[in-house]
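All remarks here apply to the structure that follows.
Residue numbers count from 1 along this sequence.
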Amino acid sequence: QLQLVESGGSLVQPGGSLRLSCVASGLSLDGYDMGWIRQAPGKDREGVGCINRRGDFTFYPDSVKDRFTISADFTLNTLYLEIKRLRPEDTAVYFCRFQPYGYGTPSWGQGIQVTVSG
């Protein structure tokens, strides 16, 4: 049974940093391409980072480039997103997403709130 549990979201000040975690159970990370997607109210979902099943390739959109870092710990079955120099426009619900390599439909975490204010 596949389960993705996210944690680490919080209220932070502009310029601050945080790390989101997505702990996976019922699967092995090396069978999935993985990513983080965020959605702000009234806006479309936006991918903010992805990493391949081997953990040796990452991709970031220009909107978060140089501030966001995605990584995976294959031993702990955990996907991470580190965010630096947070901006108010980073405020959103952040989801982890696991795409089975080769076939199948993706699985999503429940989403976790990140609020940048003050």
Side-chain angles (χ1 to χ4, degrees):
Q1 190 88 334
L2 175 62
Q3 186 178 49
L4 305 176
V5 180
E6 297 164 321
S7 63
S10 65
L11 172 65
V12 296
Q13 294 182 334
S17 62
L18 57 75
R19 183 177 71 173
L20 305 181
S21 300
C22 176
V23 179
S25 60
L27 59 83
S28 179
L29 265 60
D30 61 5
Y32 297 82
D33 293 325
M34 298 161 283
W36 288 92
I37 296 89
R38 68 183 180 186
Q39 186 168 30
K43 297 183 179 179
D44 293 332
R45 287 179 172 176
E46 177 189 27
V48 295
C50 59
I51 187 168
N52 73 327
R53 64 188 179 91
R54 293 184 175 180
D56 59 358
F57 176 83
T58 58
F59 176 82
Y60 307 92
D62 290 341
S63 60
V64 304
K65 194 174 183 180
D66 299 324
R67 298 191 300 113
F68 285 40
T69 302
I70 189 171
S71 62
D73 189 318
F74 293 90
T75 300
L76 298 179
N77 259 27
T78 303
L79 181 71
Y80 300 100
L81 182 68
E82 299 176 53
I83 311 175
K84 300 178 181 178
R85 302 188 302 278
L86 280 155
R87 305 168 180 171
E89 54 263 40
D90 293 323
T91 297
V93 177
Y94 286 71
F95 303 86
C96 58
R97 180 182 184 271
F98 283 56
Q99 171 64 55
Y101 179 76
Y103 70 96
T105 57
S107 296
W108 296 74
Q110 81 283 0
I112 189 163
Q113 179 71 45
V114 172
T115 302
V116 185
S117 182

**Report entry** Pairs where residues 6-15 contributes a residue and the test side-chain hydrogen bond (donor to acceptor under 3.5 Å, both in side chains) is met, not counting sequence neighbours
**Finding:** none
**Report entry** For I37 against G47, the heavy-atom pair lying closest together
**Finding:** CG1-CA, 4.1 Å
Query raised in the report: Hey, quick one: are V12 and I83 part of the same hydrophobic cluster, counting side-chain heavy atoms closer than 4.5 Å, chains of contacts allowed?
Result: yes
Query raised in the report: So, do L11 and S117 sit near enough that their side-chain heavy atoms are less than 4.5 Å apart?
Result: yes
Requested in this report: Could you name each residue pair satisfying side-chain hydrogen bond (donor to acceptor under 3.5 Å, both in side chains) that touches residues 55-66, not counting sequence neighbours?
Outcome: E46-S63, N52-D56
Query raised in the report: To the nearest 0.5 Å, what is the distance between CD1 (I112) and CG (L18)?
Result: 9.0 Å
Query - Hphob cluster co-occupancy, V93 + L81, side-chain heavy atoms under 4.5 angstrom - result: no
Report task. Can you measure from CD1 (I70) to CZ (F57) and round to the nearest 0.5 angstrom? Result -> 11.0 Å
Report summary line: In terms of heavy-atom contacts, Q39 and F95 come closest through CB-CE1, 4.4 Å
Query raised in the report: Which pair of heavy atoms, one from G49 and one from P61, lies closest together, and at what distance?
Result: N-CD, 4.3 Å
Report summary line: Quick note, side-chain hydrogen bond (donor to acceptor under 3.5 Å, both in side chains) partners involving residues 98-108, not counting sequence neighbours, are none
Query raised in the report: Does the side-chain contact (heavy atoms from CB on, under 4.5 Å) test come out yes or no for R97 and D33, once each step is laid out?
Result: CA-CA 8 Å; R97 180 182 184 271; D33 293 325; over 6 Å; no
Report task. Return the minimal non-hydrogen interatomic distance between A24 and L29, and the atom names on each side. Result -> CB-CD1, 3.9 Å
**Report entry** For D90, salt bridge (Lys or Arg N to Asp or Glu O under 4.0 Å) partners two or more places apart
**Finding:** R38, R67
Query raised in the report: What's the spacing between R53 CZ and F74 CZ if we round to 0.5 Å?
Result: 9.5 Å
Query - Shortest non-hydrogen separation from L79 to C96 and the atoms involved - result: CD2-CB, 4.1 Å
Query - I51 versus S71, closest heavy-atom pair with distance - result: CD1-CA, 4.1 Å
Query - Residue R54 excluded, over 12 heavy atoms near CZ under 6.0 Å - result: no
Query raised in the report: Would a hydrophobic clustering, with Ile, Leu, Val, Met, Phe, Trp and Tyr connected at side-chain separations under 4.5 Å, put Y80 with V114?
Result: no
**Report entry** OG1 on T69 to CZ on R19, rounded to 0.5 Å
**Finding:** 11.5 Å
Requested in this report: Could you note down all residue pairs passing ring-ring contact (aromatic ring centres under 6.0 Å, His included) where residues 7-36 supplies at least one of them, sequence neighbours left out?
Outcome: Y32-F98
Report task. Check side chain to side chain donor-acceptor pair (under 3.5 Å) between Q110 and all other residues, then give those that pass, not counting sequence neighbours. Result -> none
